[in-house]
Amino acid sequence: MGYKSEFLNVLSDRGFIHQCSDFQGLDAKLMSGTQSAYVGYDATAPSLHVGNLISIMMLSWFQKTGHKPITLMGGGTTRVGDPSGKDDQRKLLATNAIAENIAGIKQAFSKFISYGQEPEGGIMSNNAAWLDTLNYIDFLRDVGKHFSINRMLTMDSVKLRLEREQPLSFIEFNYMILQSYDFVELHKRHGTILQMGGSDQWGNIVSGVELGRRMHGYELFALTAPLLTTASGAKMGKTAQGAVWLNEAMLSAYDYYQFWRNSEDADVGKFLRLFTFLSLDEIKKLESLGGAEINEAKKKLAEEATRLCHGHEAAMMAAETARKTFEEGAVAESLPSIAVAMTELQKGVPLIQLLKDAGLVASNGEARRLIQGGGARVNDQLIENDNYVCTADMLGSEGAIKLSAGKKKHALIKVAA
RNA sequence: GGAGGGGUGGCGGAGCGGUCAAUCGCACCUGACUGUAAAUCAGGCGUCUUCGGACUACGAAGGUUCAAAUCCUUCUCCCUCCA
């Protein structure tokens with residue numbers, strides 16, 4: 001409501017907006033024609049995770065409402081390391097690791113954004129293109145002179161680190177300057193007027209807005225999304241195994257589905273708005289379901305979210321796997337599985353080892369504790385002996401042994417082809 | 001430059017020669033209850049183990065001692081006060 005532009009209306013209705021440098025100015029700008037906006041992603045891991053999803057959705061909405069989204073890979077800035085929201089300095093990544101990470105991260109974008117030459121076609125950029133070749137003295141004279149140390153010290157990313165008595169190295173101190181420069185550079189190259197990001201990026205983004213104004217009189221805008229927490233206050237995007245990755249290679253579509261399926265009741269509406277493209281009317285209906293009914297809303301959420309990230313087929317398969325596993329208690333073919341050689345199975349493989357190999361536990365000790373604590377099952381049968389050995393005759397009619405750690409984590413042991 | 005205080009497990013924070021793999025809280029895992037939810041309750045929570053133990057850990061490196069997270073020395077980082 002209240003906005004002229006479809007983009008801001010959608011974002012505000014769906015709960016994407018935390019702060020904006022100038023709502024009216026941005027609104028007017030968006031009404032004046034096709035604009036371009038970007039979000040930067042540092043290549044600190046081989047895949048993005050659900051924490052990044054909110055900004056990807058923003059870019060996607062930006063495109064859907066007729067504008068041009070830019071995904072900026074931080075090939076250059078990753079070599080420096082963003083101090084925002086971190087207590088410790090990030091270890092410096094080797095350049096080749098960064099290149100590999102970038103390759104992994106790119107996979108996810110194409111699911112959410114369509115790249116191309118048309119006016120609202122997305123652009124994939126990489127700040128290494130301009131940062132890697134910067135001349136230090138020139139950069140200091142052209143860009144550095146616009147930054148006041150006094151102000152930088154008051155920025156949260158810096159201030160918090162200092163207040164918490166954590167060291168802040170000079171290289172990290174420069175991160176903000178480089179990110180600011182990115183914004184100016186993208187405006188020069190593509191006319192980008194808006195940078196979006198998480199609320200922790202507010203300082204960095206605003207400082208880019210200011211740099212653009214000081215250097216060239218550009219009119220730039222900042223828009224941030226709220227920091228996402230679950231209804232019980234935990235930071236979003238963690239599971240037992242760690243981060244919820246977007247790349248299939250790091251987290252199966254089934255596990256991704258399960259992540260959403262296990263959302264807390266109180267989060268369902270919020271997540272539907274943020275992480276699906278379902279209409280607000282439909283979402284209202286879904287979130288009004290009470291009691292056990294709300295499970296239907298969670299299924300829809302998981303299905304839609306998985307569809308966006310892994311495609312229709314993978315989503316249907318994940319939903320079906322979950323249905324079989326949880327609603328029928330059957331062995332679903334498509335559960336995550338590991339392969340074991342027939343010869344090994346005939347000899348017998350300790351359950352502990354299988355649990356570990358299947359990734360259901362992190363160590364032998366943990367496997368033992370799981371078993372002793374009554375949380376381990378083989379073919380749905382509770383196993384209490386931690387020296388239990390699995391053998392080939394446990395293979396079910398599907399040709400697999402089903403392992404379970406707790407009620408929700410399941411894996412199949414299949415015979416290696 | 002001077003004087004004090006401090007760096008302990010993912011985080012917070014006890015311990016201050018043996019009974020310390022280290023009280024406790026949070027986070028996390030499992031079980032019960034449920035709706036594959038939340039809340040609650042119970043158990044677990046360094047690695048390995050032939051379940052007897054073994055190994056690695058309390059900023060870093062040395063030393064004293066039968067024995068150190070605990071004492072000594074040096075180094076290092078942080079905080080406070082004085083200059």
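Protein chains get the first letters and strands the later ones, always in sequence-line order, with residue 1 at the start of each.
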Suppose you measure atom [atom1] in [N] against the same atom in [M]; what distance do you get, rounded to whole Å?
N       : M       : atom1 : result
rC48(B) : rA21(B) : C1'   : 14 Å
rG15(B) : rG4(B)  : C1'   : 22 Å
rA69(B) : rU36(B) : C1'   : 44 Å
rA22(B) : rA39(B) : C1'   : 32 Å
rA54(B) : rG5(B)  : P     : 38 Å
rG6(B)  : rG10(B) : P     : 23 Å
rU73(B) : rA27(B) : C1'   : 39 Å
rC45(B) : rU50(B) : C1'   : 25 Å

Taking only Lys NZ, Arg NE, NH1 and NH2, and the carboxylate oxygens of Asp or Glu, determine whether [X] and [Y] approach each other closer than 4.0 Å.
X         : Y         : answer
Glu210(A) : Arg151(A) : yes
Arg273(A) : Glu287(A) : yes
Arg369(A) : Glu366(A) : no
Lys300(A) : Glu296(A) : no

Inset, instruction - Please work out if Asn364(A) contacts a base, only the sugar-phosphate, or nothing of the nucleic acid, heavy-atom cut-off 4.0 Å. - result: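 Asn364(A): backbone/sugar contact only, no base atoms under 4.0 Å.
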Inset, instruction - Quick one: label Gln258(A) by what it contacts on the DNA or RNA (base, sugar-phosphate, nothing), any heavy atom closer than 4.0 Å. - result: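 Base, at least one base heavy atom under 4.0 Å.
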For [N], what is the paired nucleotide under Watson-Crick or G-U wobble rules, both distances under 3.5 Å?
N       : result
rG43(B) : rC29(B)
rU80(B) : rA3(B)
rC48(B) : rG53(B)
rA37(B) : none

Keeping the roles fixed (side chain from [X], backbone from [Y]), state whether a donor-acceptor pair exists under 3.5 Å.
X         : Y         : value
Ser47(A)  : Asn247(A) : yes
Thr65(A)  : Glu6(A)   : no
Asn126(A) : Gly75(A)  : yes
Lys68(A)  : Gly121(A) : yes

Can you tell me the distance, in whole Å, between the [atom1] atom of [X] and the [atom2] atom of [N]?
X         : N       : atom1 : atom2 : value
Asp267(A) : rG35(B) : CG    : C1'   : 16 Å
Arg261(A) : rG35(B) : CZ    : P     : 12 Å
Lys408(A) : rU30(B) : NZ    : P     : 8 Å
Glu264(A) : rU36(B) : CD    : P     : 16 Å
His410(A) : rU36(B) : NE2   : P     : 11 Å
Gln372(A) : rU30(B) : CD    : P     : 16 Å
Leu403(A) : rU30(B) : CG    : C1'   : 16 Å
Ile352(A) : rC51(B) : CD1   : C1'   : 11 Å

Inset, instruction - Name the residue closer to the 5' end of RNA chain B, choosing between Asn387(A) and Lys299(A) according to the nucleotide with the nearest heavy atom. - result: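 So the residue in question is Lys299(A).
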Inset, instruction - Between Arg368(A) and Lys407(A), name the one whose nearest nucleotide on RNA chain B is closer to the 5' end. - result: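 Nearer the 5' end of the strand: Lys407(A).
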Legend entry - Distance below 4.0 Å between Arg369(A) side-chain N/O and rU47(B) OP1 or OP2: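 Yes.
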Inset, instruction - Indicate whether OP1 or OP2 belonging to rC29(B) is found under 4.0 Å from a side-chain N or O atom of Lys409(A). - result: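 For rC29(B), OP1/OP2 do not have a side-chain N/O of Lys409(A) under 4.0 Å.
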Legend entry - Anti or syn - rG9(B), cut at 90° from 0: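 Anti for rG9(B); the angle lies over 90° from 0.
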Legend entry - Closest nucleotide among rG35(B), rU36(B), rU30(B) to the Leu370(A) side chain: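 The answer is rU30(B), which lies nearest to the side chain.
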Inset, instruction - Please work out whether the ring planes of Phe7(A) and His67(A) are parallel, tilted or perpendicular, with thresholds of 30° and 60°. - result: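 If you compare the ring of Phe7(A) with that of His67(A), the planes turn out perpendicular.
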Inset, instruction - Please list, by residue number, the residues of residues 301-328 of chain A whose heavy atoms come closer than 4.0 Å to an atom of RNA chain B; answer none if no residue qualifies. - result: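 Heavy-atom cutoff 4.0 Å gives Ala322(A), Phe326(A).
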